[in-house]
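Within every chain, numbering begins at 1; the chains are lettered A, B, ... in the order of the sequence lines, protein sequences first and strands thereafter. Everything numeric in this text was worked out from a predicted model, so none of it was measured.
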There are 2 protein chains.
Amino acid sequence: MRYSPSKENYLKTIFHLQEEEGVVTTNALARALDTSPASVTDMLKKLKTQKLLLYEKYKGFKLSLEGRKVALQIIRKHRLWEVFLVEKLRFGWEEVHEIAEELEHISSKKLVDHLDKFLDFPTTDPHGDPIPDANGKIPLIKQISLRDLPINIIAAVCNISDQSPEMLELLTHKGIGLGTKLEIKKKFSFDNSLELNIRNHQPITISENVARNVFVTHEE
Amino acid sequence: MRYSPSKENYLKTIFHLQEEEGVVTTNALARALDTSPASVTDMLKKLKTQKLLLYEKYKGFKLSLEGRKVALQIIRKHRLWEVFLVEKLRFGWEEVHEIAEELEHISSKKLVDHLDKFLDFPTTDPHGDPIPDANGKIPLIKQISLRDLPINIIAAVCNISDQSPEMLELLTHKGIGLGTKLEIKKKFSFDNSLELNIRNHQPITISENVARNVFVTHEE
DNA sequence: TTAAGTTTTTAGATTTGTCTAAATTTAAAT
DNA sequence: ATTTAAATTTAGACAAATCTAAAAACTTAA
Ligand SMILES: [Mn+2]
Ligand SMILES: [Mn+2]
Ligand SMILES: [Mn+2]
Ligand SMILES: [Mn+2]
């Protein structure tokens, strides 16, 4: 089955909100899709008719098994294209999301699978988000917030939860990117700001607010 | 300015028909786009309003300078993506057209230019068609039909004008592809069929109809 | 030069995805 | 338990791209 870009965007966004918030509301979905609540209701009815959504009016809604499957395929495509743009076409990680929003709707299944192979089956995208495999299975990645990293332990940045251009600009300026190896040297209890060491760099300071949005993995 | 996929397809198709036939008619365009003449007329009016088309009803139409510019950008994208699919993702040249029909509508200009660079600025697509540069300039390639190639002269296949799956299947079977070096050994005046030599192959025979659609370049 | 035939355009509908404004239902507060 | 407020859905409309059937304009050929 093939669905319109608009429907695919709905399914994908519902999936993300479901993950983050557990339950999704009409208003939240409208906000996320930058559209009106009335339009959302219209679309929910269509998605229900196509059995992509379980929906009772006024009672709430969630993806059906089929809807979830479609959403995961879109997410897979989105993230693979992001890898392609950064790894092969040398885009910066902050510019690729918008382009991937379009590329994710290219329909050919064969294309995605060839791309996956061409990229050597990556497991995370340039923002550290996991890439579902061809069956929609998401690799599990255990990560902690930089805020909770103990002092003097070397860790690698693996995800940035706030991916706004402002945040990415700040991180780029400080020399923090995906895969950056760093170590907390000091925590200031006054404002919970952190002083970090990055190899071959001057020590840098970041606020709690930044630290909360940077996720890292470290050896046991 | 950004145009809908549908409008882009109209512009591109008008451009191609203009090249091939000189003048384009409502019916021919409807046939090429697999739609009704009435729909074509509707769209022509819209394209005129947007100054992409010079159009007087019942009198005919042709692309404006701006329309031609847009068409060439779509063609550029289409052919670059085809190169990518064949060269990088290892698709067969007969499978890429359909996928490129979708990819050509991805809007990012920067994406196309990065792709162009990544592919090392190719001048022809996998079917031998020339790729317009970023300014819409098409490289000139002088080529002659295989039908008109003199005997005993080595030439390289550079273009196939009939790109139907049937034709491509036949050529693939005979071992003829883009870049194939070949030489006519005999012309049969009875039916104008040709006997060819291809390096490391048995001699093969092709009909006039096939030869007419295969274009080659050869040294002076 | 009139009649036929062909091509092109208009008229009127339909589908998809969207909107605003108004009504309805559910939830919260007095 | 009402009243008020918030969330959600309906009603009615619109733009884009398409359709079929019918009308209008051009072409061709007797
Ligand atoms: Mn999208
Ligand atoms: Mn991403
Ligand atoms: Mn297309
Ligand atoms: Mn081509």
Side-chain angles (χ1 to χ4, degrees), chain A residues 1-14 17-18 20-63 67 70-71 74 101-102 104-107, chain B residues 1-14 17-18 20-63 67 70-71 74 101-102 104-107:
Chain A
M1 207 52 223
R2 211 154 137 195
Y3 306 100
S4 70
S6 189
K7 283 194 177 126
E8 292 185 343
N9 283 337
Y10 269 86
L11 294 173
K12 188 186 64 162
T13 306
I14 295 170
L17 291 175
Q18 239 172 232
E20 285 160 36
E21 313 289 333
V23 72
V24 195
T25 65
T26 303
N27 272 342
L29 188 48
R31 215 168 17 247
L33 287 167
D34 193 26
T35 187
S36 73
S39 305
V40 168
T41 302
D42 285 345
M43 186 61 94
L44 294 180
K45 284 190 271 187
K46 290 173 198 159
L47 293 174
K48 181 185 180 174
T49 319
Q50 276 172 106
K51 294 196 194 303
L52 296 165
L53 196 69
L54 309 170
Y55 168 57
E56 297 298 333
K57 64 178 176 173
Y58 290 112
K59 298 289 192 61
F61 53 90
K62 66 179 221 192
L63 293 177
V70 175
I74 306 302
E101 275 302 315
E102 286 184 58
E104 71 189 1
H105 303 292
I106 303 293
S107 59
Chain B
M1 208 55 224
R2 211 156 138 192
Y3 307 100
S4 69
S6 189
K7 282 194 178 127
E8 292 185 342
N9 284 337
Y10 270 85
L11 294 173
K12 187 185 64 162
T13 307
I14 294 169
L17 291 176
Q18 238 172 235
E20 284 160 38
E21 314 288 335
V23 71
V24 195
T25 66
T26 303
N27 271 343
L29 188 48
R31 216 167 18 246
L33 287 166
D34 194 25
T35 185
S36 74
S39 304
V40 168
T41 301
D42 285 345
M43 186 61 94
L44 294 181
K45 285 191 272 186
K46 290 174 198 159
L47 293 174
K48 182 187 177 172
T49 319
Q50 277 172 104
K51 296 197 193 302
L52 296 165
L53 197 69
L54 308 170
Y55 168 57
E56 297 298 332
K57 65 177 174 175
Y58 291 114
K59 298 290 193 60
F61 53 90
K62 66 177 220 194
L63 293 177
V70 175
I74 306 302
E101 276 302 314
E102 286 184 59
E104 71 190 1
H105 304 292
I106 303 294
S107 59

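With hydrogens and angles ignored, the 3.5 Å screen pairs a side-chain donor or acceptor of B/Gln18 with a backbone N or O of B/Leu63. Although no hydrogens or angles enter the test, the distance criterion places no donor-acceptor pair under 3.5 Å between the side chain of B/Lys12 and the main chain of B/Ile74.
In this entry the distance linking CZ of A/Phe61 with C1' of D/dA7 reads 12 Å, nearest Å. Rounded to a whole Å, the NE2 atom of B/His105 is 12 Å from the P atom of D/dA17. Straight-line distance from the CE atom of B/Met43 to the C1' atom of C/dT9: 16 Å, rounded to whole Å. Protein atom CG of B/Leu44 is 13 Å distant from nucleotide atom P of D/dA17, rounded to whole Å. One interatomic measurement links the two molecules: OH of A/Tyr3 to P of C/dT16, which rounds to 14 Å at whole-angstrom precision. Atom P of nucleotide C/dT16 and atom CG of A/Asn9 are separated by 17 Å, given to the nearest angstrom. Going from atom CG of B/Leu11 over to atom C1' of D/dA17 covers 15 Å, rounded to whole Å. Taking atom CG of residue A/Leu53 and atom C1' of nucleotide D/dT9, one finds them 15 Å apart after rounding to whole Å.
Note on A/Tyr55: only backbone sugar-phosphate atoms sit closer than 4.0 angstrom, heavy atoms only; bases stay farther off. At a threshold of 4.0 angstrom between heavy atoms, the contacts of A/Thr41 include nucleobase atoms, whether or not backbone atoms are also involved.
Residue B/Asp42 has its side chain nearest to D/dC19 when only D/dC19, C/dG17, D/dA17 are considered.
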Can you tabulate the close N/O pairs, meaning under 3.5 Å, that link protein atoms to atoms of nucleotides 20-27 of chain D?
unit_1 : atom_1 : unit_2  : atom_2 : d
D/dA25 : O4'    : B/Tyr58 : OH     : 3.4

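A/Leu17 approaches A/Ala32 most closely through the heavy-atom pair CD1-CB, 4.1 Å. Across every non-hydrogen atom of A/Ser36 and A/Ala30, the tightest pair is C-CB, 3.8 Å.
Put simply, the side chain of B/Tyr55 reaches to within 4.5 Å of the side chain of B/Thr41, judged on heavy atoms. A heavy-atom distance below 4.5 Å is not found between the side chains of B/Leu53 and B/Lys46.
An OP1 or OP2 oxygen of D/dA15 is reached within less than 4.0 angstrom by no side-chain nitrogen or oxygen of B/Lys46. One finds a side-chain N or O of A/Lys45 lying less than 4.0 angstrom from the OP1 or OP2 phosphate oxygen of D/dT10.
Between B/Arg2 and A/Glu102 there is a salt bridge, with a side-chain nitrogen of the basic residue lying less than 4.0 Å from a carboxylate oxygen of the acidic one.
Listed by residue number, A/Thr25, A/Thr26, A/Asn27 are the residues of residues 23-35 of chain A with a heavy-atom contact under 4.0 Å to DNA chain D.
Applying side-chain contact (heavy atoms from CB on, under 4.5 Å) to B/Leu47 and the options B/Asp42, B/Leu54, B/Leu11, B/Val70 leaves one that passes, B/Leu11.
For the atom pair CD1 (A/Ile14) and CG (A/Leu44), the distance works out to 6.0 Å, reported to the nearest 0.5 Å.
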